[in-house]
Amino acid sequence: MEQEAYLYFDCTRGCKESGFMLLCKKTLCLRWMEKVDVFVLMCIDHKMTMLLLRLTLCSKIPLDSPRHLSQLLSRKLTQGGQGRAHSSSFAHRSELRQAKRIVVKLGSAVVTRGDECGLALGRLASIVEQVAMLQNQGREMMIVTSGAVAFGKQRLRHEILLSQSVRQALHSGHSQLNDMSLPVLEARACAAAGQSGLMALYEAMFTQYSTCTAQVLVTNLDFHDDQKRQNLNSTLRELLRMNIVPIINTNDAVVPPPEPNSDLQGVNVISIKDNDSLAARLAVEMKADLLIALSDVEGLYNSPPGTDDAKLIDIFYPGDQQSITYGTKSRVGIGGMEAKVKAALWALQGGTSVVIANGTNPKVTGHVITDIVEGKKVGTFFSEFKPAGPSVEEQTEMARSSGRTLASLHPVQRSEIICHLADLLTERKEEILAANKMDMDLAVSAGHLPPAMLKRLSLSPAKLNSLAVGLRQIAMAAQDSVGRVLRRTRVAHNLELEQITVPIGLLLVIFEARPDCLPQVSTLAIASGNALLLKGGKEAANTNRVLHQLTQEALSMHGVKEAVQMVSTREEVEDLCRLDKMIDLIVPRGSSQLVRDIQRAAKGIPVLGHSEGICHVYVDSEASIDKVIKIVRDSKCDYPAACNAMETLLIHRDILKTPMFDQIIDMLRTERVKIHAGPRFASYLTFSPSEAKSMRTEYGELECCMEVVDSMQEAVEHIHKYGSSHTDVIITENEDTAEKFLQQLDSACVFWNASSRFADGYRFGLGAEVGISTARIHARGPVGLEGLLTTKWVLRGDGHTVADFSEHGGQEVRDRRGKTFCYGTTKALLEH
């Protein structure tokens, strides 16, 4: 018997946006009406255009489960609208989010334990959780699994040992039964014994997520017979339609051994030799969007993993197989990496995207499948679409190689490059401004950028001239930056030690809609001899492209064009932050959210920057009214979007209800600054402004928080509690109060009677800055040329050995002040 369900949904939104799931958010009630056998959605908005969709549901599906029914109905609604043409695979990882039908292949090394006897239950449970989660999102999941042989081997060994122990007990007097050695177990017998247990385990695990499963056993012959192949296809499609996860395996109890000469042949024929070829065949047969093959290696390497030159291949293209060398097979299973690659290429040719990744690493197993579907850079992605330009890894290698040449140039040559770039900014300003106008027009028409971001995006002739002036300042400072001797010590006769400045290495600078950042950061990298990888915001794509071309044109005059690279591919920021073996320092330039995201993602690379710019201005009881008005206006109103703009104004309690306080309020109102009252300030007022939601807010607009404190000491405590250690200001005529404020406050920049807007590399005379750092080590505050340098130690000797300085060697050691010691009392000096 069949039951019929009826579903109302908003047809104005269309199936493409999952009408059922969207409508659930707008409904008043959701219930099953048993008498009329109709599924009803009572809508709040009765004027909504409605469409009656009739769905026929199999009576075997538990319709009393709202969750199960909603999953099925949402799938029915989206099936037609979200379908993707299966003629070709996805071109880029980010498109994997669109994958609807997914095959997950679990290799023997993933499913089994290290002793090859039994299953890795914890690993398997995490994989099941991910598959169930994706299934519950409305995707169609299929699993091709190994493990029956290992599971059966565990069961049979247990039975054999138990049987032997019983026989030994019955014949305890016979010495020939003392040997408890196990016979060699035949694989087909193990598969027959383990298949039911493996399926029962999957079913128990998936039941925890209200997900049904079904077992499908196949052999190579099932694909050679057209009728059997059609039956298999029909069965799998029906299971997917009913929101059931098919779990597929070769029937190892009856399957013959693989033929040695059997191989993958063309688009329409593939021999099922192992689960790799089975997964590929099923993926193509079922028109799957994605095949995820999990193994015990991170992905595909250009040479066997573990060798010195082995590198993980991020994207593999057809035709690249000649450039790789295959290693040995995994510890279990009958396939190997070569089989996986051939199967993956066959599936790719059939229109299914493929990713090979590690399913055994405990650090990533719990999210490896979901990470792949989210488009993250995990494992090796197989793609038919090879981009015209170099990959980001190749750009990184080029930048590092050319950066070493840049660092070896004479300081005058680096200065010439910078001066040439400054000239290009003024000579080619029309070209730059035309590209910037294109970006501005696109941003305005899109309407998604706030006014503050639009202001940062905009360039003008005045801005370009100012940039050129700053670049020439850096060119002058670059004369003695790299290779400068900071310390020189004569350790002994003809043994001299020096500490000199050197570049950090390769910098990754990620910036949002601020194209003026590109020439500034590029110039600082050139001056300090660092290679540079740039990732700009898409809002300034046209401007960034022109500025990068001018930068490389300037670099070309001394043959180091590749030292500054701009990432133009669709790389995610998180993926760039994983290049920890190539990148030495990350500098984010953008919103506090961008900085926080990068700090979380860059686990192995230092990040120089600040997540927030919550700057305070404290008005002391002994402040000058003229200075207060000027400094507060400039700190807040000169450029509200800047990270060094005032966000909180602290007022001494004695100033309240005085002419000074009234003038401060009048000035802020005149400048149209919206005031948010802190808790204590609000308590003093009968009718207060809107109360601040948080004292840690970076407004970035003509808004600020105002709070009252009793003393300078309380102001310092407030800033330490709510500030971001960026820039903080005191306005007072009392020198003792000011000095205590400057000494006690722990911020990167602390000012007395000066605007917070001075916290800028250009204002500090640095020419430009890569950003403002609130870190405690290396560089702090506006980071200019000096902040992009580190040091190395150089020791020049003449055949010296440590043995010469032993207690019996007769040599003496000098410290850096020239004082002489005998080695016995200074051994720790040399060792440390």
Side-chain angles (χ1 to χ4, degrees), residues 452 455-456 514 589 591-592 595 609-620 623-652 655 660 664 667-668 671-676 678 692 695-707 709 712 715-733 737-766 768-769 771-775 779-784:
K455 190 172 182 180
R456 289 177 179 175
R514 45 178 76 195
R589 295 288 304 272
S591 65
S592 57
V595 179
H610 64 282
S611 59
E612 293 172 308
I614 305 175
C615 303
H616 294 73
V617 174
Y618 165 58
V619 181
D620 189 54
S624 162
I625 180 60
D626 293 335
K627 293 178 183 178
V628 169
I629 298 300
K630 286 179 61 180
I631 293 172
V632 172
R633 176 190 284 117
D634 189 75
S635 296
K636 180 71 254 186
C637 307
D638 177 66
Y639 191 3
C643 64
N644 56 12
M646 181 193 77
E647 303 295 357
T648 300
L649 178 61
L650 299 178
I651 302 290
H652 193 283
I655 296 177
M660 178 186 293
I664 295 172
M667 181 272 295
L668 292 175
E671 298 291 341
R672 298 183 179 181
V673 178
K674 184 178 180 180
I675 300 173
H676 301 275
M695 301 300 291
R696 293 189 177 94
T697 301
E698 183 179 10
Y699 296 99
E701 298 180 15
L702 285 174
E703 298 181 54
C704 74
C705 174
M706 185 177 288
E707 184 58 305
V709 293
M712 179 276 296
V716 170
E717 293 172 359
H718 177 100
I719 295 171
H720 281 161
K721 184 175 182 180
Y722 298 109
S724 61
S725 300
H726 192 293
T727 301
D728 300 291
V729 178
I730 182 172
I731 308 175
T732 184
E733 296 303 303
T737 302
E739 288 300 327
K740 289 179 181 178
F741 183 90
L742 299 178
Q743 291 172 11
Q744 294 180 20
L745 197 59
D746 186 21
S747 296
C749 300
V750 189
F751 300 161
W752 172 26
N753 287 348
S755 169
S756 62
R757 291 280 290 123
F758 277 102
D760 176 83
Y762 182 76
R763 304 291 178 185
F764 281 12
L766 304 179
E769 64 181 33
I772 295 181
S773 172
T774 56
R780 201 170 188 214
V783 180

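Just so you know, these numbers use all the heavy atoms, side chains as well, and skip hydrogens, waters and symmetry mates.
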Would you say [X]'s side chain and [Y]'s backbone share a donor-acceptor pair under 3.5 angstrom?
| X | Y | value |
| --- | --- | --- |
| T697 | Y699 | no |
| E698 | G613 | yes |
| S773 | A779 | yes |
| K674 | L702 | no |

Any non-hydrogen side-chain atom of [X] less than 4.5 Å from a side-chain atom of [Y]?
| X | Y | value |
| --- | --- | --- |
| L650 | E707 | yes |
| V632 | L668 | yes |
| V628 | I655 | no |
| P782 | L766 | yes |
| N644 | H726 | yes |
| I772 | C643 | yes |
| L745 | I730 | no |
| S635 | F751 | no |

Atom OH of Y639 with >12 non-hydrogen neighbours under 6.0 angstrom: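 Correct, the count exceeds 12.
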
Residue pair D728, S747: steps toward the side-chain hydrogen bond (donor to acceptor under 3.5 Å, both in side chains) verdict: CA-CA 7 Å; D728 300 291; S747 296; 2.7 Å; yes

Do you know which two heavy atoms are closest between [X] and [Y], and how far apart they sit?
| X | Y | answer |
| --- | --- | --- |
| A754 | I631 | N-CD1, 3.6 Å |
| M646 | S756 | N-OG, 3.7 Å |
| A692 | C705 | CB-SG, 4.0 Å |
| V673 | C637 | CG2-SG, 3.8 Å |
| T727 | A759 | OG1-CB, 3.1 Å |

Which residues share a salt bridge (Lys or Arg N to Asp or Glu O under 4.0 Å) with E733, sequence neighbours left out: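 Here the qualifying residues are K627.
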
Partner residues of E739 under the salt bridge (Lys or Arg N to Asp or Glu O under 4.0 Å) criterion, sequence neighbours left out: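 E739 satisfies salt bridge (Lys or Arg N to Asp or Glu O under 4.0 Å) with no other residue.
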
For the [atom1] atom of [X] and the [atom2] atom of [Y], what is their distance to the nearest 0.5 Å?
| X | Y | atom1 | atom2 | value |
| --- | --- | --- | --- | --- |
| R514 | K455 | CZ | NZ | 13.0 Å |
| S755 | R763 | OG | CZ | 9.0 Å |
| H616 | L649 | NE2 | CG | 10.0 Å |

Audit row: T732, W752, side chain to side chain contact (heavy atoms under 4.5 Å, CB included) steps and yes/no: CA-CA 8 Å; T732 184; W752 172 26; 3.7 Å; yes

Test side chain to side chain contact (heavy atoms under 4.5 Å, CB included) applied to E671 and K636, step by step: CA-CA 9 Å; E671 298 291 341; K636 180 71 254 186; over 6 Å; no

Residue that, paired with I651, satisfies side-chain contact (heavy atoms from CB on, under 4.5 Å) out of V617, I664, D620: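 Between I651 and the candidates, side-chain contact (heavy atoms from CB on, under 4.5 Å) is satisfied uniquely by I664.
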
Report, one line per pair, each donor and acceptor closer than 3.5 Å where one atom sits in a side chain of residues 715-725; sequence neighbours left out.
from, atom 1, to, atom 2, distance (Å)
H720, NE2, D746, N, 3.1
S724, OG, E612, O, 3.0
S724, OG, I614, N, 2.9

